[in-house]
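To start, the structure itself, in C-alpha cells.
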Amino acid sequence: MVMSQLPRSIALIDCNNFYCSCERVFRPDLDGKPLVVLSNNDGCVVARSNESKALGIKMGEPWFKLRDLARRHGIVAFSSNYPFYADMSNRVMAILSRFSPVQEVYSIDECFLDLTGFGDIRERACAIRRRVIEWTGLTVCVGIGPSKTLAKLANHVAKQHPKSRGIFDYNRLTLAQQNSVLANLEAGAVWGIGRKLSGSLAGLGIHTALQLREADIPSMRARYGVVMEKIIRELRGEPCIEIEEVEPSKKQIVSSRSFGQAVTGLTDLQDAVAHFISNAAGKLRRQKSVAGLLQVFLRTDRFRPEKPQYNPCMSIPLPVPAADSLVLNHWAFQALERLYRSGYEYKKAGVILADIRPEHIVQEDLFSVAQAQPSTALMDTLDKINSRYGRGTLKLSSDGSLRRWEMRADNKSPCYTTDWEQIARCR
DNA sequence: TCTCCGATTAGAC
DNA sequence: CTAACGGTCTAATCGGAGA
C-alpha cells in the first residue's frame, strides 16, 4: 500500500515586539506610546513597539540619531534588561512546550513546535495564543508550514496581516494561493536571505520568494552553496532543516563589551577582562566543557577614524584545556599585557574561548604530576553560591571593582520577575 | 597538489 | 552641557602555509 505523505505541520511561534512587550506588561501606562528598547550601552534600537515602527524607526538605528524625533513624539526608550527578558522568555517557552512533545527554542522570543498529527491545527494555534496572553500578557504570532522556512514565512505573513489575527497556516492554502503569497513577498523576506544575498539575487532577476522557489537548484547551488539549495528546497515544501530539540553545546564563547567611556589605562582593561573571563568561563562550566584556546582582543573607536586606531588580538593555546576562571584569567592577563599600548583610547575589549570540548575527556599531560585540577572545587563552590544568591555575589578580586569601563544604561527597568529588592521598589 | 588552519564573511536575532 | 553606532553565535568560504 502506498501511503501518501501528509505534509508536516511545523509551527514557528514568535512574540510580537518581544522586549518592548515585556516592558509594557509591567507598565500598562505605556500602552499606545511609542517605545523602543536599546542595545547594550544604550547604543542602537533593538526592539520597537508598533507605534515606533509607524514613526519609521528602523531596527539597529543608533539612538543618538533619533534624539530629535524621540523628543518630538515622546518616544520612551528603555535600556535593555536581559535578566528580565530571559525570565519572561523561559515562562513563554515553558507554556509552549505543553503544546507539542517536539520543541526547538530558536531564540529568546521564538520557538518551533512540531504540530504534525494534531487534529485541528488552527484550533491548537488559537489555544496557544490565548494561553500565552493569559499567563504572561505577551502576544504571539503562529506561522505554520511544511518546513521550518515556510513556517517562518507563514509567521511573517501572520504578522503583516491583521486580518490573520496572528495565525497563518500555509498548509491550508491551495497551490494558487501559495503562489500568490510567495509572489507578494520579497526574496529578502525569506529566512536566510539577508542584505547581500537579496542584492545578488536581484542581479539575476530574482526579486520575489516565488521566483526564488522556482530557481534552478544545480546552478543556484553552484553559485551560492548548500545553504541556498536548502532554502529553495524548503520553499518547495521539502524539509531539509531539522528541528533541533537538544541545544548543541557551544563551540565558541565570546564575552565582550563596548565601554561607556573610552578607557586608556591597563588596570581598567584588566578589570574589564577579568569580568569577561568570569562571564565566559561560567558559561563554559555550565555546559560542562573546557577550552583549549583563549583569545583576547582590544578595539579603539572605529567611528572616529581621525583618532589613532589599534585593534590587536592574541590567541593563547592553553597547555591544558581549562574552565577555571583563575587559570583563564592568568593567561588572559599575560595576553593583555603584551597587547596593551599606552596612548590609545580603547572603546571595546573582549575574550573568546574556543577549541571547546567536553570536560571529561580531557587528556592530562602525561608527565605532569597527577594534580586533579586544583581549583575545580573552588569553581564549583563559586558557581553554586552565585547561582543561589545571584550573579556577581562572589567574584575574582580583580573583577569589576573599578568599573570605569561600565556600560551606559540610563533607563533600565527593574528586574520585576527575578529580583526581590527591585520588586519592592516598584509600586 | 592536497589539506589544514585561521581569518573573514554573511546571516540571524 | 556634550557625545553618542550592540553582542553572540554558526556555517561557509577563502587564502596561505606546510606536508
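Each chain gets a letter, A, B and so on, in the order the sequences are listed, and its residues count up from 1.
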Polar atom pairs (N or O), protein with nucleotides 2-10 of chain B, under 3.5 Å:
from	atom 1	to	atom 2	distance (Å)
B:dA10	OP2	A:K196	NZ	3.1

Check your understanding: Under 3.5 Å, is there a donor-acceptor pair between the side chain of A:R233 and the main chain of A:C240?
Key -> no

Practice item. Check A:E110, A:E104, A:E234, A:E238 against A:K148 for a salt bridge (Lys or Arg N to Asp or Glu O under 4.0 Å) and give me the one that passes. Key: A:E104

Exercise for review: Answer yes or no for this row: A:F303 ring on C:dC5 base, centroids under 5.5 Å, planes under 30°.
Suggested key: yes

Study note, to complete from the structure: Protein heavy-atom contacts under 4.0 Å, written 5' to 3' over nucleotides 11-19 of chain C as B (base), S (sugar-phosphate only) or - (none), form the string SSS------

Practice item. May I ask you to say whether A:D114 pairs ionically with A:R8, meaning some side-chain N is under 4.0 Å from a carboxylate O? Key: yes

Practice item. Flag yes if more than 12 heavy atoms outside A:E186 fall under 6.0 Å of its CD atom; otherwise flag no. Key: no

Check your understanding: Which whole number of Å gives the distance between the C1' atom of B:dA12 and that of C:dG6?
Key -> 14 Å

Exercise for review: Could you tell me whether A:R24 and A:E51 make a salt bridge, using a distance below 4.0 angstrom between a side-chain N and a carboxylate O?
Suggested key: yes

Check your understanding: Quick one: is A:S258 getting a side-chain N or O under 4.0 Å of the C:dG7 phosphate, OP1 or OP2?
Key -> yes

Review point. Counting just side-chain N and O atoms, does A:K348 come under 4.0 Å of either OP1 or OP2 of C:dC5?
Key: no

Review point. Can you check whether A:R304 has a side-chain N or O nearer than 4.0 Å to OP1 or OP2 of C:dA4?
Key: yes

Review point. Should A:S256 be listed as having a side-chain N or O under 4.0 Å from OP1 or OP2 of C:dT8?
Key: yes

Check your understanding: Under a cut-off of 3.5 Å for both distances of each Watson-Crick or G-U pair, what dot-bracket string does DNA chain C give, using [ ] for crossing pairs and | for inter-strand pairs?
Key -> ......|||||||||||||

